[in-house]
Amino acid sequence: MARPEQSFRSLSGMHDLFEPETTRRRALVRVFAERAERAGYGEVRPPVLEELGVFLRMGEATDVVSKEMYEFEDKDGRRVALRPELTAGVVRAFVQHHPPTPWKVWYAGTSFRRERPAAGRYRAFDQIGAEVLGVDDPDLDVEVISLAWSTIAALGLSDVRLIINSLGDQVDRQRYSESVAAYLADHRDELSEAARATAERNPLRVLDTKRPEDRAVVASAPSIAEFRSEASAAHFERVLAGLSSLGIPFGVEERLVRGLDYYRRTTFEIVADSLDAAQNAVGGGGRYDGLAEDLGGPPTDGIGFALGIDRLLLACDAEAVFPAPPTSVDVYVVDTTDGAAARNLVHQLREAGLAADRRYGGGSLKSQMKSADRSGARWAVLIGSDELSAGEVTLRNLRADGEQLRVASSDVRAALLERLHTDREDTTA
RNA sequence: GUGGCCGUAGCUCAGCUAGGUGAGAGCGCCAGGUUGUGGCCCUGGAGGUCGGGGGUUCAAAUCCCCUCGGUCACCCCA
């Protein structure tokens with residue numbers, strides 16, 4: 001054991017978040033929420049815990065389902081699992097409540113996957129995303145991709161690429177998969193051992209391998225383009241044309257498969273080249289036209305995407321964009337008397353809408369001034385025995401070069417409101 | 001899950017290669033210099049199970065094993 005008894009640490013791959021990271025994440029979600037709602041999406045919050053079966057449709061052969069889920073039997077004897085992503089839960093909610101279509105929703109939340117942690121890949125990770133159920137129009141694919149892309153752009157990221165592919169409909173995908181499986185079988189002895197194992201479980205997954213020795217084999221594998229039905233191909237062309245017309249740059253990548261079995265037709269991924277780690281996909285998504293039916297609902301077209309907040313922020317760090325918004329109070333109250341004046345004034349200022357803080361436990365004027373400085377407050381209100389007996393306070397400007405004045409206690413609030421107001425006008429001018 | 005690297009003060013790290021000189025630096029924190037004034041500077045101080053456990057040894061932060069955590073590659077994916 002790495003710790004003495006009675007001492008605990010957070011689980012591997014799960015981290016505590018603090019200021020300023022927490023505010024930064026809140027700001028990121030706000031950027032996304034505003035864009036999504038401007039496009040007619042409403043927020044949805046499915047539960048973190050679902051019946052295991054909900055997630056099994058991601059594909060029994062996928063790693064996510066076969067070995068990465070936190071699943072267990074609850075006290076009612078039900079097999080349940082912590083969600084490894086949100087799409088399945090959202091679609092389950094759609095099937096359960098049958099809202100009118102098109103159903104356009106966005107979400108922000110935490111999912112869980114028991115993988116080996118690495119930078120940008122944690123066991124508890126946050127995503128933002130959107131899903132639309134009930135629309136087959138390729139222009140919707142364009143809208144959804146555009147929402148993902150523009151959110152990333154809004155953060156200030158520029159070293160990112162959109163890659164896109166179409167796996168064809170269910171029939172196309174099946175035929176293609178069989179063809180790839182046959183091809184891989186023919187070249188079995190040229191593949192790495194790991195790739196051979198993957199080929200038997202899930203042939204398509206071999207296509208986007210990163211192992212150089214396998215890439216050579218994969219390079220001349222059959223192309224999905226030859227397997228797309230006329231309708232699928234037409235849909236894909238419409239999507240690409242739509243993206244072009246919106247000025248969204250993309251690269252068609254036929255090897256883009258993505259891990260979840262429910263994807264049909266359009267699939268896409270956004271990668272951040274500023275992230276040199278292997279975890280450089282900041283987001284991904286696609287169509288899952290059969291999923292609602294698989295979960296017991298009516299045949300319903302669906303499409304969505306998720307962006308990983310952790311990776312998005314890592315990419316922001318790499319590009320030095322989207323810093324945490326500064327958080328600081330407006331006013332810091334310094335009281336060298338018994339503290340009663342600070343207690344009352346801070347309360348009064350907060351009720352008036354100002355952000356005000358103080359120090360508890362007293363301390364010298366000097367040390368309280370240091371706290372005031374560190375708080376980032378623009379103004380310090382000083383209350384000493386002089387002020388107290390005169391019924392006044394001293395206002396000191398902490399930002400400029402120490403402008404200082406005394407005002408009557410009854411005028412503090414108004415004096416501060418006025419000065420903070422002009423400060424703000426100065427900074428926005 | 002497989003393999004590599006790392007783990008010393010709140011933070012970033014030196015010391016480990018050839019075991020033994022009182023366990024260090026910078027930043028941060030606290031106090032004083034300035035008995036009513038922050039930011040700069042100076043001085044002092046607090047703070048460490050050297051990730052944890054076991055082993056080798058007269059002696060281990062330094063060597064060996066195990067373990068926990070982080071990280072990189074594979075895998076997978078957000």
Side-chain angles (χ1 to χ4, degrees), chain A residues 1-5 7-15 18 58-59 61-68 84-87 109-129 148 192-195 197-198 201-202 205-206 208-214 256-260 269-272 275-285 305-315 332 334-337 359 363-377 379-388 394-402 404:
Chain A
M1 289 296 108
R3 54 180 147 82
E5 277 180 82
S7 174
F8 298 99
R9 349 176 358 110
S10 57
L11 261 18
S12 174
M14 304 199 182
H15 304 286
F18 308 98
M58 295 164 69
T62 63
D63 282 11
V64 172
V65 166
S66 63
K67 52 189 193 196
E68 294 173 358
E85 52 123 49
L86 275 106
T87 302
T110 305
S111 297
F112 304 84
R113 252 120 99 157
R114 199 186 165 292
E115 303 175 87
R116 180 105 173 223
R121 181 172 72 183
Y122 310 115
R123 289 180 168 187
F125 58 101
D126 294 331
Q127 291 181 323
I128 49 179
S192 69
E193 193 179 331
T198 306
R201 284 202 325 276
N202 200 340
R205 291 237 46 87
V206 180
D208 58 5
T209 179
K210 285 175 190 153
R211 274 182 300 268
E213 65 267 36
D214 295 327
L256 176 66
V257 170
R258 301 191 52 73
L260 281 14
E269 203 166 278
I270 298 174
V271 300
L275 262 29
D276 47 356
Q279 278 74 39
N280 67 347
V282 294
F305 69 86
L307 303 178
I309 293 182
D310 307 290
R311 291 184 192 175
L312 239 22
L313 257 18
L314 246 24
Y332 199 93
V334 169
D335 181 354
T336 56
T337 65
R359 188 154 97 187
S364 68
L365 176 62
K366 175 170 175 163
S367 68
Q368 291 198 50
M369 282 301 291
K370 283 177 93 110
S371 297
D373 186 48
R374 274 194 296 260
S375 77
W379 285 88
V381 177
L382 280 59
I383 304 169
S385 45
D386 281 10
E387 286 87 349
L388 205 57
T394 296
L395 263 37
R396 182 176 173 84
N397 189 326
L398 296 173
R399 291 289 179 84
D401 23 342
Q404 192 162 311

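Computed from a prediction, not measured in an experiment: that's the story for all the values here. In the text below, chain A, chain B and the rest are named by the order of the sequence lines, each starting its count at 1.
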Write down the partner of [N] under the Watson-Crick or G-U wobble criteria, each distance required to be under 3.5 Å.
N	answer
B/C30	B/G44
B/G24	B/C13
B/A73	B/U2

Under 4.5 Å between any side-chain heavy atoms of [X] and [Y], yes or no?
X	Y	value
A/Arg396	A/Leu382	yes
A/Leu307	A/Gln127	no
A/Glu269	A/Val271	yes
A/Tyr332	A/Ser371	yes
A/Thr337	A/Glu387	no

5'-most contact on RNA chain B (nearest-nucleotide basis), A/Thr198 vs A/Ser12, goes to A/Ser12
RNA chain B nearest-nucleotide lookup for A/Asp208 and A/Pro117: closer to the 5′ end is A/Pro117
Could you tell me how far apart [X] ([atom1]) and [N] ([atom2]) are, to the nearest whole angstrom?
X	N	atom1	atom2	answer
A/Arg123	B/G70	CZ	P	8 Å
A/Glu68	B/C77	CD	P	7 Å
A/Glu85	B/A78	CD	P	8 Å
A/Asp310	B/U71	CG	C1'	16 Å
A/Tyr122	B/A78	OH	P	16 Å
A/Asn280	B/C76	CG	P	14 Å
A/Glu115	B/C76	CD	P	11 Å
A/Phe8	B/G69	CZ	C1'	17 Å

Return the set of residues passing side-chain contact (heavy atoms from CB on, under 4.5 Å) with [X] (not counting sequence neighbours), or none when no residue passes.
X	answer
A/Arg114	A/Tyr70, A/Arg123
A/Leu395	A/Trp379, A/Val381, A/Val393, A/Leu405, A/Val407, A/Val412, A/Ala415, A/Leu416
A/Gln368	A/Val334, A/Thr336, A/Arg359
A/Thr209	A/Arg211, A/Asp214, A/Arg215, A/Val218

Using OP1 and OP2 only, check whether a side-chain N or O of A/Arg114 sits under 4.0 Å from B/G1. yes
Review point. Does B/C75 have OP1 or OP2 sitting under 4.0 Å from an N or O in the side chain of A/Thr209?
Key: yes
With [atom1] as the reference atom in both, quote the distance from [N] to [M] in angstrom, rounded to an integer.
N	M	atom1	value
B/C76	B/C72	C1'	15 Å
B/A23	B/C66	P	30 Å
B/U43	B/G4	P	48 Å
B/U2	B/A61	C1'	30 Å
B/G51	B/C16	P	15 Å
B/U12	B/U56	P	35 Å
B/G10	B/U57	C1'	35 Å
B/C63	B/A14	P	15 Å

Protein-nucleic acid N or O pairs under 3.5 Å, nucleotides 3-12 of chain B:
from : atom 1 : to       : atom 2 : distance (Å)
B/G3 : O6     : A/Arg116 : NH2    : 3.0

Those residues at least two apart in sequence (or on a different chain) that pass ring pair (Phe, Tyr, Trp, His ring centres under 6.0 Å) with A/Tyr122 are A/His15
Apply salt bridge (Lys or Arg N to Asp or Glu O under 4.0 Å) to [X] and list each qualifying residue two or more places apart in sequence or on a separate chain.
X	value
A/Arg121	A/Glu115
A/Glu85	none
A/Arg205	A/Asp208
A/Lys366	none

Please work out if [X] contacts a base, only the sugar-phosphate, or nothing of the nucleic acid, heavy-atom cut-off 4.0 Å.
X	result
A/Ala119	sugar-phosphate
A/Gly120	base
A/Gly13	sugar-phosphate

Could you pull out the protein-nucleic contacts involving nucleotides 34-41 of chain B (nitrogen or oxygen on both sides, under 3.5 Å)?
from  : atom 1 : to       : atom 2 : distance (Å)
B/G36 : O6     : A/Asp386 : N      : 3.0
B/G36 : O6     : A/Asp386 : OD1    : 2.8
B/G36 : O6     : A/Asp386 : OD2    : 2.5
B/G36 : O6     : A/Glu387 : OE1    : 3.4
B/G36 : N1     : A/Glu387 : OE1    : 2.7
B/G36 : N1     : A/Glu387 : OE2    : 3.0
B/G36 : N2     : A/Glu387 : OE1    : 3.4
B/G36 : N2     : A/Glu387 : OE2    : 2.4
B/U37 : O2     : A/Arg396 : NE     : 3.3
B/U37 : N3     : A/Gln404 : OE1    : 3.2
B/U37 : N3     : A/Gln404 : NE2    : 3.0
B/U37 : O4     : A/Gln404 : NE2    : 2.5
B/G38 : O2'    : A/Asp373 : OD2    : 3.2
B/G38 : N7     : A/Arg396 : NE     : 3.4
B/G38 : N7     : A/Arg396 : NH2    : 3.0
B/G38 : O6     : A/Arg396 : NH2    : 3.0
B/G38 : N1     : A/Leu398 : O      : 3.1
B/G38 : N2     : A/Asp373 : OD1    : 2.9
B/G38 : N2     : A/Leu398 : O      : 2.4
B/G38 : N3     : A/Asp373 : OD1    : 3.2
B/G39 : O4'    : A/Asp373 : OD2    : 3.2

Of the candidates B/G69, B/C76, B/C72, the side chain of A/Arg9 sits closest to B/G69
So for A/Arg311 and B/C77, does any side-chain atom that can act as donor or acceptor lie under 3.5 Å from a complementary atom in the base? yes
- request: Classify the side chain of A/Arg113 and the base of B/C76 as holding, or not holding, a donor-acceptor pair under 3.5 Å.
  value: no
Heavy-atom contacts, protein to nucleotides 42-48 of chain B, under 4.0 Å, summarised as B (base), S (sugar-phosphate only) or - (none) per nt, yield -------
